[in-house]
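For reference, positions follow the sequence shown, starting with 1. Side-chain atoms are counted along with the backbone in the values below, which use heavy atoms only and exclude waters and symmetry mates. Only a predicted model underlies this, so the values are computations on that prediction, with no experimental measurement involved.
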Amino acid sequence: MLKVPDHQVAGHRADCGMLGPLVDDSGRFYKPLQSDQRGATEVAFYESFSSNTEIPGHIREFFPVFHGTQIIEASDGSGPQPHLVLEDLVAGRVNPSVMDIKMGSRTWYPEASEKYIQKCLEKDRDSTSVSLGFRISGLKVYQNSEAGFWQPDKKVVYSFNADGVRSALRKFVSSNLSVGSNADPDCSYASTVYGHSGGILAQLLQLKQWFEVQTNHHFYSCSILFFYDRESALDGCADPKVKLVDFAHVVDGRGVIDHNFLGGLCSLIKFIRDIDDEDNKGANCQVKLGYEKS
C-alpha cells in the first residue's frame, strides 16, 4: 500500500491533492519523474552511477539504492505517472530525526534559462547558500513520546542566517528542546551523532575525500540528508547516516572538480566539527571538575 512519507522535511509533499513522493511497506520510495529534462537527467544519473564499477563501495553507500522506474497512480489524482523507484532511506526507523541540507553556493545548472537562474539566485542570496555554501531546507527532531517532534516552519528555516544554522545544527543533537525556545541547546547527543568514529562528521569527511578527486559529475541543487534514531541515542547507538539525494540537475563534470559542492561541504564540516569540539571541551571540563556529563 502506497502512502505519504512520514518523515519528509523538504520538497513537495504528496498531500492535499498535491503531486509528491510516496512510500510502500517494503522499503521503497517512489519519486514522481518530472516531465521536462529534469526527470530524464535524474534517471540518467542513477543509471550511470549504478553501473559505474569505478565508484568505491563506501561511496555508493551515500546514495539511495536505485530500483529503476515504475508507472503508478500519482498522488494528485492525475492518473498513472512514471516514478523513480528508490530505497526508502528511513524505512524501519520509528521516530528518526531528519535534516535536509541543500548544497552549493550556486543552485542553478549551467544550461538553465535566465528566468530559472534569477529564481535560484534570489533564493541563494536570501538564504545562507551564497554566504555559507549550503542552506538548511528543513528539519524535524524527535523529543519524546509526549512532545513528539520539534519542526520549525519552512519560512523560519529559510530565514536562517549563520547563527540560525549553527543553532539548528546544535538543536538537532539536543535533548532539551521541550524546555522552551530560549533554552540553550544542550547538545547531549553531539558526541554520539556527530563525533564518534561512525558519526556524521566522519562520514562527511569520507565524502570530502571523494569530492576532492571525482570529476565525473557536478551536483547542482543536490541535498545531503542527516538522520539518526534519538531513542537509540540514549544508549549510544543512534546509527547516524549521511545520504545524498535529488539529482535532477547533475551535469557532466568534464574532468573538473565540483568546487561548488565541495566548498559547501567543507563549510558544513566546519560547523559540525565546531559543535563536536565544543561538546568535547565541555566533557573534559566536567571530568576535571569531578562531574559526569549527563
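Contact check on Asp239 versus Lys241 returns a salt bridge, with a Lys/Arg side-chain nitrogen under 4.0 Å from an Asp/Glu carboxylate oxygen. A salt bridge links Asp274 with Lys270; the closest basic N to acidic carboxylate O contact falls under 4.0 Å. The residues Asp276 and Arg273 are annotated as not salt-bridged, no charged nitrogen and carboxylate oxygen being separated by less than 4.0 angstrom.
Listed for the Ser75 side chain is a donor-acceptor partner under 3.5 Å among the backbone atoms of Met18. In this structure a side-chain-to-backbone donor-acceptor pair under 3.5 Å is present from Lys243 to Glu61. Side chain of Ser127 to main chain of Tyr158: no donor-acceptor pair is present (N/O by atom type, distance under 3.5 Å, no hydrogens or angles). Using modelled atom types, no side-chain atom of Arg106 and backbone atom of Ser129 make a donor-acceptor pair closer than 3.5 Å.
When each of Phe261, Phe45, Tyr116 is checked for a ring-ring contact (aromatic ring centres under 6.0 Å, His included) with His249, only Tyr116 meets the rule. Looking at Ile136, Val9, Val141, Leu139 one by one, the single match for side chain to side chain contact (heavy atoms under 4.5 Å, CB included) with Pro152 turns out to be Leu139. When the options Leu225, Val23, Asp88, Val90 are evaluated for a side chain to side chain contact (heavy atoms under 4.5 Å, CB included) with His7, the one that passes is Val90.
Within the 4.5 Å cutoff, the side chain of Lys31 has heavy atoms near those of the Glu42 side chain. The shortest distance between side-chain heavy atoms of Val173 and Asp279 does not fall below 4.5 Å.
Residues Phe271 and Phe134 place their aromatic rings such that the two centres sit under 6.0 Å apart.
Counted by atom type alone, Asp24 and Tyr30 present one or more donor-acceptor pairs between their side chains at under 3.5 Å. In this model, no donor atom of one side chain and acceptor atom of the other lie less than 3.5 Å apart for Glu122 and Gln118.
Within a 6.0 Å radius of CZ in Arg60, other residues, nucleotides and ligands contribute more than 12 heavy atoms. Within a 6.0 Å sphere centred on NE2 of His58, other residues, nucleotides and ligands contribute more than 12 heavy atoms.
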Check residues 210-219 and write down every donor-acceptor pair under 3.5 Å in which the side-chain atom is one partner and the other belongs to a residue at least two apart or another chain.
from: Glu212; atom 1: OE2; to: Lys208; atom 2: NZ; distance (Å): 2.6
from: Gln214; atom 1: OE1; to: Asn216; atom 2: N; distance (Å): 3.0
from: Gln214; atom 1: OE1; to: His217; atom 2: N; distance (Å): 3.2
from: Gln214; atom 1: NE2; to: His217; atom 2: O; distance (Å): 2.8
from: His218; atom 1: NE2; to: Val256; atom 2: O; distance (Å): 2.8

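Residues forming a ring-ring contact (aromatic ring centres under 6.0 Å, His included) with Phe29 (at least two apart in sequence, or on another chain): none. By the side chain to side chain donor-acceptor pair (under 3.5 Å) test, Asp229 is found to be paired with Arg93, residues two or more places apart in sequence or in another chain being considered.
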**Verdict with supporting geometry, Phe247 and Phe63, ring pair (Phe, Tyr, Trp, His ring centres under 6.0 Å)** = CA-CA 10 Å; Phe247 309 113; Phe63 293 78; 5.6 Å; yes
